[in-house]
Asker: 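Supplied in structure tokens, the structure appears directly below.
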2 protein chains.
Amino acid sequence: MAFAAQRFADNGYHPTSVAEIVEGLGVGKGVFYWYFDSKEELLRAILADGQLDLRRRQRAAITGATTPLERIERGIRASIEWSLEHPVFFRLFQFAATDDRFTENLRKGEQVAVRDAARHLADAMDAGEIPEADPKLQAHAMLGVSSHLVHLVHRGLLDADEAVVDTAVSFCLHGLQGPRPA
Amino acid sequence: MAFAAQRFADNGYHPTSVAEIVEGLGVGKGVFYWYFDSKEELLRAILADGQLDLRRRQRAAITGATTPLERIERGIRASIEWSLEHPVFFRLFQFAATDDRFTENLRKGEQVAVRDAARHLADAMDAGEIPEADPKLQAHAMLGVSSHLVHLVHRGLLDADEAVVDTAVSFCLHGLQGPRPA
DNA sequence: TCCGTAGTTGACCGATCGGTCAAGAGGCCC
DNA sequence: GGGCCTCTTGACCGATCGGTCAACTACGGA
């Protein structure tokens, strides 16, 4: 799966053939179809693996935080860092988001994460830490900032500086904050 | 090109064959290869068309604005509205961003837009409208928010409400604003 | 020792791919 | 009318695709 993921990320899902994968692994084609029903199922399994790992990282990052806003910040940081460390998974997520065969697989995991973030946002609103707004929309906005910036780093258009992470976090946090009461 | 763009957006670039396109158009295959060198070149032409149109819209939206920040806001609004009105182009942009064969084509257009936005951000900083920060990073952050939200609308997970646009704009503007001096 | 099963092989399948090209249609100028 | 050029056709090409399957190997238990 790791090898296949690498090839999918490098050459694209469609242009990468099953023959290419098994050849690179030095095994027969039968092995592939013994473990997976199809090439499509392979990618689904890879995506599920990645989502699980990201989710674990997010949960771990959040524990220990005391305020809702701190949970949000840690969640963003963890997501960005994970995405920077796992360019292969990240690229596959991006691809899967553009292909109707796979969007459904992403949706579930993404919605869990967004719902989670939205809950913390709602908590922060209740606590008066940030003004009232649609928490889900804001969670998605933060996701947009993070993933786009990560995308740029992976494309080599941005240095994998910690300044990127800080800028993303700061942008998101202040975006949430809205106009401060004087 | 419009027909091909539609099919590429609906079924994906790779799964859509040239045969499918010419058949849908009711013409012979030779016609296709008379006007385009390859399937790849066709998509490139479509992408260029879309980028040109978006760029025009952005420029038109900005003219007449008096302050840098107003230019930024109008630019965001125009980009989001255009993307909502052109789901086919938007999807193709998203796909192209995930495929190395086409990223280079997007980069140029994207960089022009980002450089433009960054210039207005720098102007706003000089005018003291927003605090100092890396304008390019911020421009990309705004692009991330916009495109992710548009993506959700196209996937049907969000209503094409004007609230979406307003939230995006507000999130971006306050994200730029940073911590207000008390 | 021998059988059963899990795991593996790679030749093979029909379908389809992007792309080619010889043939010809239609119109324009001389 | 006849040569010419633009445009169109669709049969055809070799390559390759995802997927199948009969044959085979390795090995643990009886």
Side-chain angles (χ1 to χ4, degrees), chain A residues 1-51 88-89 91-107, chain B residues 1-51 88-89 91-107:
Chain A
M1 282 173 64
F3 180 79
Q6 185 76 53
R7 301 303 294 245
F8 285 160
D10 287 349
N11 292 71
Y13 168 74
H14 291 293
T16 301
S17 67
V18 176
E20 193 182 328
I21 293 170
V22 297
E23 196 175 328
L25 253 18
V27 300
K29 220 175 194 180
V31 170
F32 181 91
Y33 286 98
W34 177 266
Y35 292 102
F36 299 98
D37 286 346
S38 66
K39 181 183 164 185
E40 202 172 310
E41 205 216 70
L42 166 62
L43 179 53
R44 268 189 243 279
I46 293 171
L47 292 173
D49 255 30
Q51 284 191 307
V88 169
F89 277 139
R91 283 201 66 163
L92 293 179
F93 287 172
Q94 294 252 112
F95 163 75
T98 70
D99 193 311
D100 284 338
R101 289 168 206 75
F102 303 109
T103 43
E104 200 56 28
N105 294 79
L106 288 190
R107 215 211 51 198
Chain B
M1 282 175 65
F3 180 79
Q6 185 76 51
R7 302 302 294 243
F8 284 159
D10 288 348
N11 292 71
Y13 169 74
H14 291 293
T16 301
S17 67
V18 176
E20 192 182 329
I21 293 169
V22 296
E23 197 175 328
L25 253 17
V27 299
K29 221 178 194 180
V31 170
F32 182 90
Y33 285 97
W34 178 265
Y35 291 102
F36 299 98
D37 285 346
S38 67
K39 182 183 165 187
E40 204 172 307
E41 206 217 69
L42 166 61
L43 180 52
R44 268 189 245 278
I46 293 171
L47 292 174
D49 255 29
Q51 284 191 309
V88 169
F89 278 138
R91 284 201 67 165
L92 292 180
F93 287 173
Q94 294 252 112
F95 163 75
T98 71
D99 193 312
D100 283 338
R101 287 168 205 74
F102 304 109
T103 44
E104 201 55 28
N105 294 80
L106 287 191
R107 215 209 51 196

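Numbers restart at 1 for each chain; the letters A, B, ... are given by sequence-line order, proteins then strands. Heavy atoms only: backbone and side chains are in, while hydrogens, waters and symmetry mates are out.
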Asker: So which pairs with a foot in residues 40-51 of chain B pass salt bridge (Lys or Arg N to Asp or Glu O under 4.0 Å), sequence neighbours left out?
Answerer: Glu40(B)-Arg44(B)

Asker: With the side chain counted from C-beta on, respond yes when Ile21(B) and Leu42(B) share a heavy-atom pair under 4.5 Å apart, and no when they do not.
Answerer: yes

Asker: Any chance the rings of Phe8(A) and Phe95(A) have centres within less than 6.0 Å?
Answerer: no

Asker: Answer yes or no: is there a side-chain heavy-atom contact under 4.5 Å between Tyr35(B) and Met1(B)?
Answerer: no

Asker: Set out, line by line, the N/O atom pairs under 3.5 Å between protein and nucleotides 10-15 of chain D.
Answerer:
{"unit_1": "dG10(D)", "atom_1": "N7", "unit_2": "Lys29(B)", "atom_2": "N", "d": "3.3"}
{"unit_1": "dG10(D)", "atom_1": "O6", "unit_2": "Gly30(B)", "atom_2": "N", "d": "3.1"}

Asker: Look at the rings of Phe89(A) and Phe93(A) and say which category their plane angle falls in: under 30° parallel, 30 to 60° tilted, over 60° perpendicular.
Answerer: parallel

Asker: Scan residues 13-37 of chain B for pairs that pass salt bridge (Lys or Arg N to Asp or Glu O under 4.0 Å), counting only residues two or more places apart or in two chains.
Answerer: Arg7(B)-Glu20(B)

Asker: Grab the two heavy atoms, one from Leu106(A) and one from Ala96(A), that are nearest each other, plus how far apart they are.
Answerer: CD1-CB, 3.7 Å

Asker: For residues 2-18 of chain B, which residues have at least one heavy atom under 4.0 Å from DNA chain D?
Answerer: none

Asker: Polar atoms only, N or O, under 3.5 Å: list the protein pairs with nucleotides 22-27 of chain D and their distances.
Answerer:
none

Asker: What is the distance, rounded to the nearest whole Å, between atom CD1 of Ile21(B) and atom P of dG19(C)?
Answerer: 11 Å

Asker: side-chain contact (heavy atoms from CB on, under 4.5 Å) for His14(B) and Asp99(B)? Distances and angles first, verdict last.
Answerer: CA-CA 11 Å; His14(B) 291 293; Asp99(B) 193 312; 3.2 Å; yes

Asker: Give the intermediate values and the outcome of side-chain contact (heavy atoms from CB on, under 4.5 Å) for residues Leu92(B) and Leu43(B).
Answerer: CA-CA 9 Å; Leu92(B) 292 180; Leu43(B) 180 52; 4.3 Å; yes

Asker: Between atom OG1 of Thr98(A) and atom OH of Tyr13(B), what is the distance when rounded to the nearest 0.5 Å?
Answerer: 13.5 Å

Asker: Could you identify which residues of residues 32-47 of chain B place a heavy atom less than 4.0 Å from some atom of DNA chain C, listed by residue number, or say none?
Answerer: Tyr33(B), Ser38(B), Lys39(B)

Asker: Show the nearest heavy-atom pair for residues Ile46(B) and Ala4(B), with the distance to one decimal.
Answerer: CD1-CB, 4.2 Å

Asker: Between the main-chain N or O of Val88(A) and the side-chain N or O of Gln6(A), is there a donor-acceptor pair closer than 3.5 Å?
Answerer: no

